[in-house]
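Inspection log for the structure reproduced underneath, given as structure tokens.
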Number of protein chains: 4
Amino acid sequence: MVNKVILIGNVGGDPEVRYLDGGVAVARFSLATSEVYNNKNGERVTQTEWHNIVLWRRLAQTAEQYVKKGMMLYVEGRIRTRSWDDQNGVKRYTTEIYGDNFQMLSRKQDGNDRSQDTPMPPAPDLSAGSDDSDDLPF
Amino acid sequence: MVNKVILIGNVGGDPEVRYLDGGVAVARFSLATSEVYNNKNGERVTQTEWHNIVLWRRLAQTAEQYVKKGMMLYVEGRIRTRSWDDQNGVKRYTTEIYGDNFQMLSRKQDGNDRSQDTPMPPAPDLSAGSDDSDDLPF
Amino acid sequence: MVNKVILIGNVGGDPEVRYLDGGVAVARFSLATSEVYNNKNGERVTQTEWHNIVLWRRLAQTAEQYVKKGMMLYVEGRIRTRSWDDQNGVKRYTTEIYGDNFQMLSRKQDGNDRSQDTPMPPAPDLSAGSDDSDDLPF
Amino acid sequence: MVNKVILIGNVGGDPEVRYLDGGVAVARFSLATSEVYNNKNGERVTQTEWHNIVLWRRLAQTAEQYVKKGMMLYVEGRIRTRSWDDQNGVKRYTTEIYGDNFQMLSRKQDGNDRSQDTPMPPAPDLSAGSDDSDDLPF
DNA sequence: TTTT
DNA sequence: TTTT
């Protein structure tokens with residue numbers, strides 16, 4: 001059984017992070033992936049898909065520090081759909097991407113901030129997030 | 001921008017296929033991926049995720065013929081969330097996987113049917129589905 | 001930086017396992033992925049690609065016990081090319097897939113063994129291998 | 001059978017493109033993916049893996065125009081190992097990645113060129129390459 | 001809500 | 001060297 005998602009897109013907003021009882025961190029943010037195609041009239045159409053990204057524990061904490069609105073991000077994870085009852089007692093579903101790994105592919109992209117011209121920091125374990133720390137390469 | 005999903009799971013029901021005006025085929029079926037883990041009490045827990053698979057055109061027609069409830073299937077595709085208004089006028093969202101490719105990894109798995117012991121058919125282009133037909137390997 | 005490989009294929013031979021000084025286990029086996037296409041003469045051609053799979057530590061030990069020649073296997077990993085000098089002093093290269101994860105998708109497939117008709121074992125952590133043990137699903 | 005590779009890395013040199021008899025274009029270039037880890041002495045080590053990327057036909061032509069040394073690139077493809085006899089009559093193997101798709105994730109990254117500060121071109125179908133042109137999103 |  |  002395999003449930004794997006690979007996304008490269010732009011971060012829609014700074015992560016919202018909270019800490020559960022017990023101290024487990026959870027970060028949430030949206031990620032946009034856009035697809036461009038020509039419709040039947042030959043017009044160029046951009047379709048944007050918004051993904052709800054959820055990160056846990058160490059990944060959440062790394063995201064809290066480094067992930068910013070506008071960044072281009074690589075996220076690897078899995079699909080998780082959870083249900084809840086709305087105020088009308090109707091069962092509703094929300095699909096989220098639980099990230100197991102991410103990589104920042106750019107600095108913040110907004111025009112007010114020139115830090116995008118600065119190289120990425122040396123960033124010991126910071127420029128990449130993963131649930132397995134200090135993994136040897138073999 | 002990349003939006004890629006890779007699933008290996010079991011088909012929840014035979015595909016439902018319909019043909020749009022213009023003759024475009026659309027097939028839908030559910031696919032279960034299960035994840036087994038040990039919870040904090042050390043108990044073994046199975047969590048099953050159901051995915052709504054949607055296939056179009058040639059892939060839909062191949063699925064109509066060959067995909068059956070219980071099969072193990074590889075599906076490669078992308079996430080697509082669409083919205084609609086429910087009877088209370090509330091905006092609702094449904095997330096689907098638009099498949100770009102699939103592979104049958106087993107015959108039907110349910111217990112009433114012994115066909116699983118039969119070898120796969122020779123199946124010219126049939127045991128694998130793809131949107132690019134007759135693609136040369138280079 | 002991402003270097004990710006996803007393979008589904010048939011195991012070419014039982015894993016060869018050895019233990020390094022220090023007790024680290026390394027398992028090696030080949031995996032065949034076949035691609036079928038129609039050549040320019042319209043003939044059906046099967047092209048088989050052989051991959052050298054290398055697993056380390058806990059994954060190697062799981063493979064030693066459960067992976068058998070003929071099985072259909074899912075392997076997720078990364079590409080690693082290493083160089084060595086041959087007897088003529090010529091630099092040679094070998095490309096391997098370091099597996100980070102695998103799943104058995106079938107029992108042994110050879111005809112003498114009827115175990116393929118038996119359902120998969122309950123297999124606590126056995127039917128799936130991973131480098132992160134007891135990972136909570138969040 | 002699945003043989004899928006996903007890479008994000010930096011282009012090692014401008015593509016070399018040639019045209020086979022019959023006019024089929026083939027582009028080749030190297031792509032570096034780096035992995036950073038802590039070795040057993042606790043030192044930070046960077047390991048770079050070089051991949052031989054091969055693109056065909058329309059993808060090759062897009063690469064010829066747009067892919068440049070230093071760019072960060074997403075490449076999706078498959079592993080292909082081919083053999084040849086060297087001057088000593090020894091069978092040698094070369095592993096390549098046949099790309100089925102690619103995306104430019106940045107402009108050229110080297111320091112002499114300030115074009116990286118320029119936004120990407122509007123680029124009709126150019127900023128993304130794929131073997132299926134004008135594919136509708138369903 | 002992002003980005004080109 | 002596998003498998004269909």
Side-chain angles (χ1 to χ4, degrees), chain A residues 7-16 28-36 44-53 67-75 104-111 113 116, chain B residues 1-3 66 81 103-107 118-128, chain C residues 7-16 28-36 44-53 67-75 104-111 113 116, chain D residues 1-3 66 81 103-107 116-128:
Chain A
L7 303 173
I8 298 176
N10 294 110
V11 174
D14 289 357
E16 293 177 8
R28 296 173 176 277
F29 57 91
S30 58
L31 188 80
T33 57
S34 299
E35 190 179 347
V36 178
R44 195 155 193 73
V45 180
T46 297
Q47 173 140 0
T48 297
E49 190 68 33
W50 284 99
H51 308 273
N52 303 308
I53 309 295
V67 171
K68 299 294 174 204
K69 176 177 175 174
M71 272 185 175
M72 181 179 284
L73 211 67
Y74 167 87
V75 175
M104 293 181 276
L105 301 179
S106 78
R107 307 286 274 155
K108 192 174 177 173
Q109 291 291 11
D110 78 18
D113 187 322
Q116 69 198 97
Chain B
M1 304 302 221
V2 172
N3 172 358
Y66 294 99
T81 298
Q103 295 269 346
M104 293 181 277
L105 301 179
S106 78
R107 306 286 275 157
T118 316
M120 294 282 283
D125 244 313
L126 313 171
S127 64
Chain C
L7 303 173
I8 299 176
N10 294 111
V11 175
D14 290 356
E16 293 178 8
R28 295 173 176 277
F29 58 91
S30 58
L31 188 79
T33 57
S34 299
E35 190 179 348
V36 178
R44 195 156 193 73
V45 179
T46 296
Q47 173 140 0
T48 297
E49 190 68 32
W50 285 98
H51 308 273
N52 302 309
I53 309 295
V67 171
K68 299 294 173 204
K69 176 178 176 173
M71 273 185 175
M72 182 179 283
L73 212 66
Y74 167 87
V75 175
M104 293 181 277
L105 300 179
S106 78
R107 308 285 275 155
K108 193 175 176 172
Q109 292 292 9
D110 78 17
D113 187 323
Q116 68 199 96
Chain D
M1 302 304 221
V2 172
N3 172 358
Y66 295 99
T81 298
Q103 297 267 346
M104 293 181 276
L105 301 178
S106 79
R107 307 287 275 157
Q116 68 200 95
D117 301 326
T118 315
M120 293 282 284
D125 244 313
L126 313 171
S127 66

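Predicted model, so just to flag it, every value in this text is computed and none were measured. Chain letters run A, B, ... following the sequence lines, proteins first and then strands; every chain starts at 1.
Per the geometry, CZ belonging to A:Phe29 stands 15 Å off P belonging to E:dT2, to the nearest Å. Put simply, CE on A:Met72 is 20 Å from P on E:dT1, counting in whole angstrom units. If you measure from atom CE of D:Met1 to atom P of F:dT1, you get 17 Å, rounded to the nearest angstrom. Following rounding to the nearest Å, A:Gln47 (CD) and E:dT1 (C1') show an atom-to-atom distance of 16 Å. Rounded to whole angstrom, the span from the NE2 atom of C:His51 across to the C1' atom of F:dT2 amounts to 11 Å. Between D:Met104 atom CE and E:dT4 atom C1' the separation is 11 Å, expressed in whole Å. Spacing between atom CG of C:Asp14 and atom P of F:dT2 amounts to 12 Å, rounded to whole angstrom units. Whole-Å rounding puts the A:Glu49 CD to E:dT3 C1' distance at 15 Å.
By the side chain to side chain donor-acceptor pair (under 3.5 Å) test, A:Ser30 pairs with no residue at all, sequence neighbours left out. Listed by chain and number, the residues in a side chain to side chain donor-acceptor pair (under 3.5 Å) with B:Thr81 are A:Glu49, B:Thr95 (sequence neighbours excluded).
Using a 4.0 Å heavy-atom cutoff across all strands shown, C:Thr48 reaches at least one base atom of the nucleic acid.
At least one donor-acceptor pair under 3.5 Å links the side chain of C:Ser106 to the backbone N or O of C:Met72.
A donor-acceptor contact closer than 3.5 angstrom is absent between the side chains of C:Ser34 and C:Thr46.
The aromatic ring of C:Trp50 does not sit over the base of F:dT2; the criterion of centres under 5.5 Å apart with planes under 30° is not met.
Checking E:dT2, F:dT2, E:dT1 against the side-chain heavy atoms of A:Ser30 singles out E:dT1 as nearest.
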